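Input: a single structure, listed below in structure tokens.
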Amino acid sequence: MAAIRGKDTKPELLVRKFLFSRGFRYRLNHPRLPGHPDIVLRKYRTVIFVNGCFWHGHDGCKYFVLPRTNVDFWQRKIERNKARDKREQQQLAAMGWHCITVWECQLKPAVRQQTLESLAFTLCQIYLKDHSVRSYSQSEEEVWSAAESDGEYSSGSGQ
């Protein structure tokens, strides 16, 4: 188990190389964000978690099989990991971040390109949605007006 790495895994490197080749710039394992996300795209207010199917309990995946020995320990461990992942994503969402999870099985050669293209499309959609031009109605213009309502001008000189 000591050989299992938590950072710079092969699936994570695949996602990072794809994003960089497409012009997305990111930071790794940001220490101030809950869960230390694998990839942080600040411009897009998006974090990406690249999860291993076994360690994070990917339901319905053929790569998530509990070991036959010490089953109780592994079930508790996987459930704690899933609960922690959910709690951290809720905290990030409350802070205004978009959370994307890419599973290890989605990066297998048969479906890798489709998954990565989908990721790029999703990031572009998030950017467009967050940075779209918003039109305001007449009532909102009155609320956000910087002019004085009574028409008087104050010079602020104390006279």
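Note: hydrogens, waters and symmetry copies are ignored here, and every other heavy atom, side chains too, is used. Given the structure is predicted, the values throughout are model-derived calculations rather than measurements.
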Ring centres under 6.0 Å, that's the criterion: do F24 and Y44 meet it? yes
Mind jotting down which residue pairs meet the salt bridge (charged side-chain N to carboxylate O under 4.0 Å, His left out) criterion with at least one end in residues 44-67? Sequence neighbours excluded, please. D59-K82
Among the clusters formed by ILVMFWY side chains lying less than 4.5 Å apart, do F20 and I126 turn up in the same one? yes
Does a sphere of radius 6.0 Å around CZ in R68 hold more than 12 heavy atoms from other residues, nucleotides or ligands, not counting ones at 6.0 Å or beyond? no
Distance, nearest 0.5 Å, that separates CD of Q125 from NE2 of H98: 11.5 Å
With a 6.0 Å cut-off (strictly less than), is the heavy-atom count around NZ of K17, excluding the residue itself, greater than 12? no
Could you please spell out the steps behind the side chain to side chain contact (heavy atoms under 4.5 Å, CB included) verdict for L33 and W97? CA-CA 10 Å; L33 293 176; W97 289 86; 3.7 Å; yes
Cluster question for you: counting only ILVMFWY and a side-chain heavy-atom cut-off of under 4.5 Å, with indirect links fine, are F49 and L41 together? no
Just wondering, are more than 12 heavy atoms of other shown residues or ligands nearer than 6.0 Å to CZ in F73? yes
Counting heavy atoms not belonging to R42, are there more than 12 under 6.0 Å from its CZ? no
Flag side-chain contact, heavy atom, 4.5 Å: L107 against L116: yes
Does the side chain to side chain contact (heavy atoms under 4.5 Å, CB included) test come out yes or no for I100 and I48, once each step is laid out? CA-CA 5 Å; I100 298 174; I48 300 173; 4.3 Å; yes
Do L123 and V50 belong together in a cluster built from hydrophobic side chains that touch within less than 4.5 Å? yes
L28, V102: one ILVMFWY side-chain cluster at the under-4.5 Å cut-off? yes
Rounded to the nearest 0.5 Å, what separation is found between the OH atom of Y26 and the NZ atom of K43? 15.0 Å
Under the salt bridge (charged side-chain N to carboxylate O under 4.0 Å, His left out) rule, what do D8 and R16 come out as? Steps first, then yes or no, please. CA-CA 10 Å; D8 297 332; R16 285 169 28 191; 2.7 Å; yes
Return the CZ to SG distance between F121 and C124, rounded to the nearest 0.5 Å. 8.0 Å
Please confirm whether the ring centroid of F64 lies under 6.0 Å from the ring centroid of W55. no
Tightest non-hydrogen contact, residues R22 and A120, listed as NH1-CB, 4.4 Å
What's the spacing between T46 OG1 and Y127 OH if we round to 0.5 Å? 11.5 Å
If we ignore angles and hydrogens, is there a donor and acceptor under 3.5 Å between the side chains of E117 and Q113? yes
Check the angle between the aromatic planes of H58 and W103 and answer parallel, tilted or perpendicular using the 30° and 60° thresholds. parallel
Is the shortest heavy-atom distance from the side chain of Q75 to the side chain of D72 under 4.5 Å? yes
Would you call S118 and T122 a side-chain contact if the rule is heavy atoms closer than 4.5 Å? yes
P34 to Q91 - nearest heavy-atom pair and separation: CB-OE1, 3.1 Å
Value rounded to 0.5 Å, distance of CD1 in I39 from CG in L119: 8.0 Å
To the nearest 0.5 Å, atom NZ of K10 lies from atom CD of E104 at 10.5 Å
Closest non-hydrogen contact found for C105 with C53 is N-SG, 3.4 Å
In terms of hydrophobic clustering (I, L, V, M, F, W, Y; side-chain heavy atoms under 4.5 Å; direct or indirect links), are F18 and L13 co-clustered? no
Are side-chain heavy atoms of E88 and P37 found at a separation under 4.5 Å? no
Would you please name every residue forming a side chain to side chain contact (heavy atoms under 4.5 Å, CB included) with C99, sequence neighbours left out? V47, Q89, L92
